[in-house]
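Okay, structure first, notes after.
Positions are given from 1, in the same order as the sequence printed here.
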Amino acid sequence: MMRVRLARGDDATIVKIAGESISLIATISAPPGASLEVTIDLRAGERLRVKVHGSKKQPDGNFIIDGRCVDMTRELRQELEALNTKLP
């Protein structure tokens, strides 16, 4: 899992990434169609926009947010996909 920060200052964790699809665990929900700005410390605070498909509340009170990465560079995609092989 990789920790990231949302634009509002909330923490989130990437739990799955495949191509443009991404799943995050966050302390906030996001409605379908919303855009989230995610800051990734992996590349000196590079930002990534995520177009939300939906979110679902988990028993622990967190939310799983599923979405699509928007305007991600090829280099960042390759780095995240390499990390994806290490995610559970």
Side-chain angles (χ1 to χ4, degrees):
M1 293 193 225
M2 185 167 98
R3 303 286 298 171
V4 295
R5 182 165 296 280
L6 303 178
R8 291 182 18 179
D10 299 291
D11 288 325
T13 303
I14 297 175
V15 292
K16 181 180 176 187
I17 188 161
E20 292 183 351
S21 297
I22 189 168
S23 294
L24 306 163
I25 293 179
T27 55
I28 61 164
S29 65
S35 289
L36 295 177
E37 189 172 289
V38 177
T39 301
I40 301 172
D41 292 331
L42 176 70
R43 299 189 76 206
E46 183 168 346
R47 293 193 173 139
L48 170 69
R49 287 185 321 157
V50 174
K51 188 74 165 183
V52 176
H53 293 186
S55 60
K56 185 174 180 183
K57 190 168 187 174
Q58 301 301 297
D60 64 2
N62 288 321
F63 294 85
I64 292 199
I65 300 173
D66 293 316
R68 175 178 55 85
C69 299
V70 180
D71 67 8
M72 181 168 38
T73 64
R74 179 179 298 167
E75 293 81 17
L76 180 58
R77 182 186 319 273
Q78 289 171 344
E79 288 182 44
L80 292 176
E81 285 178 347
L83 285 174
N84 191 48
T85 60
K86 300 173 185 173
L87 297 176

- Non-neighbouring partners of D60 that pass salt bridge (charged side-chain N to carboxylate O under 4.0 Å, His left out), sequence neighbours left out: none
- Spacing of OG1 belonging to T39 relative to CG belonging to L6, to within rounding of 0.5 Å: 8.0 Å
- Taking only residues two or more places apart in sequence, or in another chain, which ones meet R74 in a salt bridge (charged side-chain N to carboxylate O under 4.0 Å, His left out)? none
Considering only distance and modelled atom types, tabulate donor-acceptor pairs under 3.5 Å from the side chains of residues 18-37, sequence neighbours left out.
{"unit_1": "S23", "atom_1": "OG", "unit_2": "D66", "atom_2": "OD1", "d": "2.6"}
{"unit_1": "E37", "atom_1": "OE2", "unit_2": "R47", "atom_2": "NE", "d": "3.3"}

- Query: Nearest 0.5 Å, what's the CZ-NZ distance between F63 and K56?
  - Reply: 12.0 Å
- Message: Please enumerate all residues that pass side chain to side chain donor-acceptor pair (under 3.5 Å) together with R68, with sequence neighbours excluded.
- Response: none
- Message: I'd like to check the salt bridge (charged side-chain N to carboxylate O under 4.0 Å, His left out) partners of D11; sequence neighbours left out, ordered by chain and number.
- Response: R3, R5
- Message: I need the I40 CD1 to L76 CG distance, nearest 0.5 Å.
- Response: 4.5 Å
- Task: State, with a plain yes or no, whether a side-chain heavy atom of I14 is found less than 4.5 Å away from one of V4.
- Result: yes
- Note on the structure: Between G67 and V50 the two heavy atoms that sit nearest each other are CA-CG1, 4.1 Å
- Query: So, do C69 and V38 sit near enough that their side-chain heavy atoms are less than 4.5 Å apart?
  - Reply: no
